[in-house]
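Everything below concerns the one structure shown next.
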Amino acid sequence: AMAGLVSGAASAAAPLSAADKSEFVTVKKTHFARKGKTYYIAGANFWYGGYLGSPSGVGERARLRKELDTMKAIGINNVRVLAVSEKTDMTSAVRPATTNAPGKYDEDLLAGLDFLVDELGKRDMTVVLYLNNFWQWSGGMTQYLNWFEGTPALDPNVTKDYDDYMAKTARFYANKDAQKEYRDTIRKIVHRVNTINGKPYRDDPAIMSWQLANEPRPGNGKASAKEKAIYTTWIAETAKYIHELDKNHLVSSGSEGLAGSAQDARLFMASHSTKHIDYLTYHLWPKNWGWFDSRKPVQSWDGAIAKSRDYLNSHIDMAKTLGKPIVLEEFGLDRDGASFDIKAGTKIRDRFYGEIFELIGRRAAAGDPVAGWNFWAWGGAGRAANADYWWKQGNDFMGDPPQEEQGLYSVFDTDASSLALIKGHAGKLRSLQK
Ligand SMILES: O=C1NC[C@H](CO)[C@@H](O)[C@@H]1O
């Protein structure tokens, strides 16, 4: 099995030439380069960063500045952020949305993204901006289909049927009208001029990459050859379109890896071999994928960590084969006792984070095409507001989007052991940059 097959001769990061002095994050063979050095991502998922930057409504600019200062202080150099959301009547989705209807945008909310990007530039931090969502918590592809197919936007928290959801949502890729609106929105964002600092996004090195969507999948686990072909074409053509709009920035898919490719390694490799995809992404979710049972942590730990290591190693090996850097841009585990309560411990999650950081760090040090990690997700000063832990409009934003209990996977500013662990491993990756 591919698992545990640690690469043979490590492909050490190629020495950088003066041309790599670019302020922009670029790809040099199987590593990122930035300002003349290799660049490793020690990042956080911060989906709501643009929301906090808004000048009105949901905006909390003082909180945003404080969150970025806290992240910077522990060595986090990158955040992964939702750039576009679609207004929907689904209860599991965030309100407000950057797109209220086809071609109708919320300029106040988009000004929040401007503020975030400007604040990141001031802190020498970078951002990955995803332009859509396969899931319903920001409207996403299912909302596009509501607009252009006339079908109801599907909320799996209501339908309780993920297989049906995934098969229907994947119709987005071949829906011409939905694709036209999606591309119009992409152009609106990629060609945006920052209203805070006057910088066109295209020319701003604080942006690291444009990402097609959060966790785009070809359909469900039984995706057909036709659906896989449509998905593969969609990735290549959308990535190409973005590169035509913007010569400076990288493009990635937002894929989870095998879990987001119907467990089909050939599909993952084929859909990411296009030259228009600059680096690979994968996500790791032991609890979501049924590997870890947080109510039976002792019994399920060994199996979960073995499968997790296998998942990491096999994806790094696929990155080696494809000759592209790979970022573990999401991973997470819940609090002790499967609690959402901020007072619950994080012993098991800390152990899990430590194992992931160690493996990634070891293979990065070995020169493998490892480009870093983003944990899921930054909760910071956010606090759950309701006894049932569900999000309601007006409540704090935190690492968990509205379709999940507020506190499920968030790392809060009071989770001292987790922050210390993140700080230590961010430092280890930073020491590899030369
Ligand atoms: O992108 C994602 N991946 C997993 C997260 C936690 O379940 C989820 O909130 C998000 O949709």
Side-chain angles (χ1 to χ4, degrees), residues 43-51 79-86 88 90-94 97 127-143 153-158 160 162 165-166 169-170 172 211-218 220 252-261 280-294 304 308 311 315 327-335 338-340 346 349 352-353 356 373-379 382 384 389-391 395-412 418:
N45 275 276
F46 190 44
W47 68 269
Y48 55 97
Y51 278 70
V79 286
R80 179 169 174 262
V81 170
L82 176 78
V84 177
S85 48
E86 293 75 27
T88 181
M90 290 187 284
T91 47
S92 296
V94 63
V127 61
V128 173
L129 293 171
Y130 46 97
L131 298 157
N132 205 331
N133 198 342
F134 186 74
W135 306 113
Q136 85 284 26
W137 56 263
S138 57
M141 295 178 188
T142 189
Q143 182 51 46
L154 294 173
D155 181 350
N157 278 351
V158 172
K160 307 287 182 209
Y162 270 92
Y165 175 85
M166 293 188 277
T169 301
F172 167 78
Q211 192 163 88
L212 305 189
N214 177 52
E215 301 202 331
R217 293 191 175 190
N220 60 32
S252 59
S253 68
S255 170
E256 301 150 274
L258 286 185
S261 309
L280 306 171
T281 62
Y282 62 136
H283 301 181
L284 175 63
W285 287 106
K287 177 186 167 91
N288 292 1
W289 298 344
W291 299 350
F292 182 69
D293 178 348
S294 34
S308 297
Y311 199 80
H315 283 78
V327 180
L328 178 68
E329 60 169 23
E330 285 190 21
F331 63 94
L333 206 63
D334 47 352
R335 308 181 79 86
S339 172
F340 309 124
T346 60
R349 181 178 77 188
F352 173 66
Y353 271 39
I356 301 313
W373 41 256
N374 297 72
F375 64 88
W376 183 284
W378 188 263
Y389 293 99
W390 287 104
W391 183 84
N395 292 163
D396 280 357
F397 292 119
M398 60 174 74
D400 307 294
Q403 92 289 3
E404 282 168 323
E405 291 87 352
Q406 304 295 288
L408 176 63
Y409 291 124
S410 287
V411 176
F412 294 108
S418 303

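Counting convention: from 1, in listed order, for ligands and their atoms alike.
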Minimum heavy-atom separation for W135 to N133, with atom names? N-OD1, 2.9 Å
Whether [X] side chain and [Y] backbone form a donor-acceptor pair below 3.5 Å:
{"X": "N45", "Y": "F375", "value": "yes"}
{"X": "T281", "Y": "S255", "value": "yes"}
{"X": "Y165", "Y": "Q136", "value": "yes"}
{"X": "S138", "Y": "S85", "value": "no"}

Sort out the contact shell of ligand 1: every protein residue with a heavy-atom distance below 4.0 Å, listed by chain and number. W135, W137, N214, E215, W285, N288, E330, W376, P401, Q403, E404, Y409
State whether a side-chain donor-acceptor pair under 3.5 Å links T346 with Y353. no
